[in-house]
Each structure stands twice: as structure tokens, then as C-alpha cells.
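All residue numbers refer to positions in the sequence shown, counting from 1.
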Amino acid sequence: MAAICLISVSATAVERVVLVGPKTIGPAWKDKIVLEARQFAEAEAGDVLTVYTDGFKRSSQGTFQNPKDWQAIAEQYKYFGINGPFRMTITTDMLTTLKQYGVCIGGHDYRILYATLSKASDYKEDIVWSGPATRMDANWGGCAEIKGKALAGLKVGDALKLHVSKTKPGSAVKLMDLTWNPIDQTVDGAPLGGDTFTYYIDDQAPLIKIQLAGGGDNVAMRIGGKNYQLDKLGIVSFVGERSDDTSTAQRAPKEYKLKPGELFHGEQTFPNDWSGNLRISAEPFQKCTENDVLVISYKLLPKEEGVIPQLSLRENHGKWLDLSGANEPQWQTLDGNDAVLTFDATSLDNVKTSGLVVTGRGFVLNRIELMKVE
């Protein structure tokens, strides 16, 4: 497990660790972790959730979703590139969802090391450019030129905050250096929603590209994109304190190396609110026959009045129709014994075509194993 390197301070520190990994987010958008609602009990608009990562690739992407319906918690967080830590700034519109359901962190091809939550008051913004307002049209026309003297105080750890208006569905932002090239792949057409867009400088590389242009009246950065208006630009600096206390943090489930025949091995909770699900791609089922069976091992959650632990298997596409081909979802009541799926022609065709979704409530999923019956 990677070490958490945060500055130790007193108990009054405002930035706290809310998730301790590691949690691997693999390929194909199939992995995720739900950060529990309890972590947001005292959250306010303007607070910042930061996810620290490693193992990312050039093509890695992240997402923040509503665990209730698995839709993006906001348009700008539907998908985005990953090139280090990534963040979500909490808005008033998000608070009800976060306090009731938490947030799902997903995407593909990276590993979560840990996550922190900091207060809005821990950040200070200085407006360094205030127009004239620049319109970015639907054809990626329009560009605001930011002079070197406006960015002279920018340093690693700071953020550029774009204040925008007149956004439309599909709005995107592009941050470029003096040669019109993106300063970072994650801001080469990044989704834009709401009235701000924040880009953090997490290492020297993008900062060097800006500094190469020089200072004074030299153009150090260009801001472009489509379908929005840029009104102001600010530099945001962290001025708060950080804590290394993990006593209230959520722990990611222990990760296991899959053995032959295992499709899943871990500890994934399927809460009583029906928000849990696990997707498995079609690839491991390609050589299956009707002689194979799927064995699902789990442990039941503590009993809750009115809750019957249940499990359902669905097609991994579209409306998640029942794997059996039935018009209505088929639910299996769980009694603590392994659940076993025997394949017929319909279910076999479905898993080979689209894979499988496991959904339900009231249990912790431990293992899914594909076995051949002789």
C-alpha cells in the first residue's frame, strides 16, 4: 500500500483524509468505489474533494457519479482525463445527493491511493484577468490571450479558475501554451459545466510551458474551447492546513489477485438502498458452454427490518434486462449459501454478447467463479 504523505497538524486541521486505498480502477469503465454519505455530513458548497492517484496512462479517465442512478453528478464530471490527482468542487446542487448517497468515483486505468476533503475557506483566489469577455463559438473559434505578467505568481499546487457563462450542452475548454498546443492532455477539450472550471497545477510540466513564453506583456497562455464565454480568470491557492488523521476515513476493500476461473475476488458492498452493482465484460465468457456454472459467494449484511437480501443478474448493456431473457427482473432471495447460475441458450448468448451485471442489496460480494461441471 502506498504511503499517505500529508503534513501532521493539530486536531483543528480542516483538510481530512476521507478514503484510504489502494483501489484499482481497471479498464472498460467497470470498476468504481462509492465514497459514503457520512463523509459529506458537514460538507458545504465550495468544499473540494481531491483524489490522489498513480498507475495512470495517457488515455486514463475519471468520473464522479450519483450512486443512486449512476449518472454524472455534474456535466463537467461525466468524464475527464487523469494525469495525477483529480478534484471535484462541491456545488449547492450536489449537496443533497452527497449527503444522502455519497459519490461514486470511477473511470478506467488508474489506481486511487487516497482521497481528502477540504473546506472552501482553505482556498484563496486572486483574479488576474477580467476581460474583455471572450466568446468561444461552436467551431472552436475564439481565444483569450493571457499575458505573462498575469500568471507571474502561479506555482505548483495552485489552480487556474475560469469564470464562465453562456455555456451550452457539449461546452468544452482548451488551455494552450504560446505555440497553441495544449498545456496538458487533460485540458485539450475538457467538458465544461456550471459557471466555473478549475485546473490544478500538480507538477512543473505545464508550468514550464507557461513560463517559456516569458513575462510582462508576452502571451503566456491561450484559453479556447467551444460554446461558452470566458469572463474572468483567477489563481487559486491553498492556504489551509492538512491532517494525516485517518481515524474517520473509509477504507477501500482489500484487493486480491484473481486465480484461474475467478471473475471477481474482493469485498464489494451491495447496500440496502439498491445502489450496488458490479459489471463483468463479455470477454471471460467466450468459451463457456451450457456445462459451465457461475458460483457467486457473499456474506449477508446485518439484518435490517423490512430488508430482504436479494440478488439479480442482468445483461451488461442498455436497460439491464434480465439475463434469462424474462420481461421482468428475476430476484433470488439470499440465505447465506452460494448463489449458482446454470446457463441455458439465452443466458449463455447474453453473457457472450454483453457480459454480466450483478445487482441487488443486503450483502457483501466476495467472489464470482466460473466452473465447469463434468
Are the side chain of [X] and the backbone N or O of [Y] linked by a donor-acceptor pair below 3.5 Å?
{"X": "Gln330", "Y": "Glu328", "result": "yes"}
{"X": "Lys32", "Y": "Asn277", "result": "yes"}
{"X": "Asp322", "Y": "Ala326", "result": "no"}
{"X": "Asp122", "Y": "Val239", "result": "no"}

Residues in ring-ring contact (aromatic ring centres under 6.0 Å, His included) with Phe285, at least two apart?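 Per chain and number, Phe285 pairs via ring-ring contact (aromatic ring centres under 6.0 Å, His included) with no residue.
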Holding to ring-ring contact (aromatic ring centres under 6.0 Å, His included), I want the full list of residues that pass it with Tyr79, two or more places apart in sequence or in another chain.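 Testing Tyr79 for ring-ring contact (aromatic ring centres under 6.0 Å, His included), a comparison that skips the adjacent residues, returns none.
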Below 4.5 Å, heavy atoms only, C-beta onward: do Asn227 and Met136 meet side chain to side chain?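 Result no, sub-4.5 Å side-chain heavy-atom pair not found.
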Do Leu151 and Leu160 make a side-chain contact, defined as non-hydrogen atoms from C-beta onward lying under 4.5 Å apart? yes
Check: [X]/[Y] side-chain N/O donor and acceptor closer than 3.5 Å:
{"X": "Thr186", "Y": "Asp184", "value": "yes"}
{"X": "Asp344", "Y": "Ser347", "value": "yes"}
{"X": "Glu255", "Y": "Thr24", "value": "yes"}
{"X": "Asp158", "Y": "Ser237", "value": "yes"}
{"X": "Ser118", "Y": "Tyr123", "value": "yes"}

[X] charged N/C atom sitting above [Y] aromatic ring, 6.0 Å / 45°:
{"X": "Lys174", "Y": "Trp180", "result": "no"}
{"X": "Arg58", "Y": "Phe56", "result": "no"}
{"X": "Arg222", "Y": "Trp140", "result": "no"}
{"X": "Arg87", "Y": "Tyr200", "result": "yes"}

Looking only at heavy atoms, what is the nearest atom pair of Phe270 and Val358, with distance? CE2-O, 3.4 Å
Using 30° and 60° as the class boundaries, would you call the ring planes of Tyr110 and Phe86 parallel, tilted or perpendicular?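 Judged by the thresholds at 30° and 60°, the geometry between Tyr110 and Phe86 is perpendicular.
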Find the distance between CG (Leu19) and OG1 (Thr246) and round it off to the nearest 0.5 Å. 11.0 Å
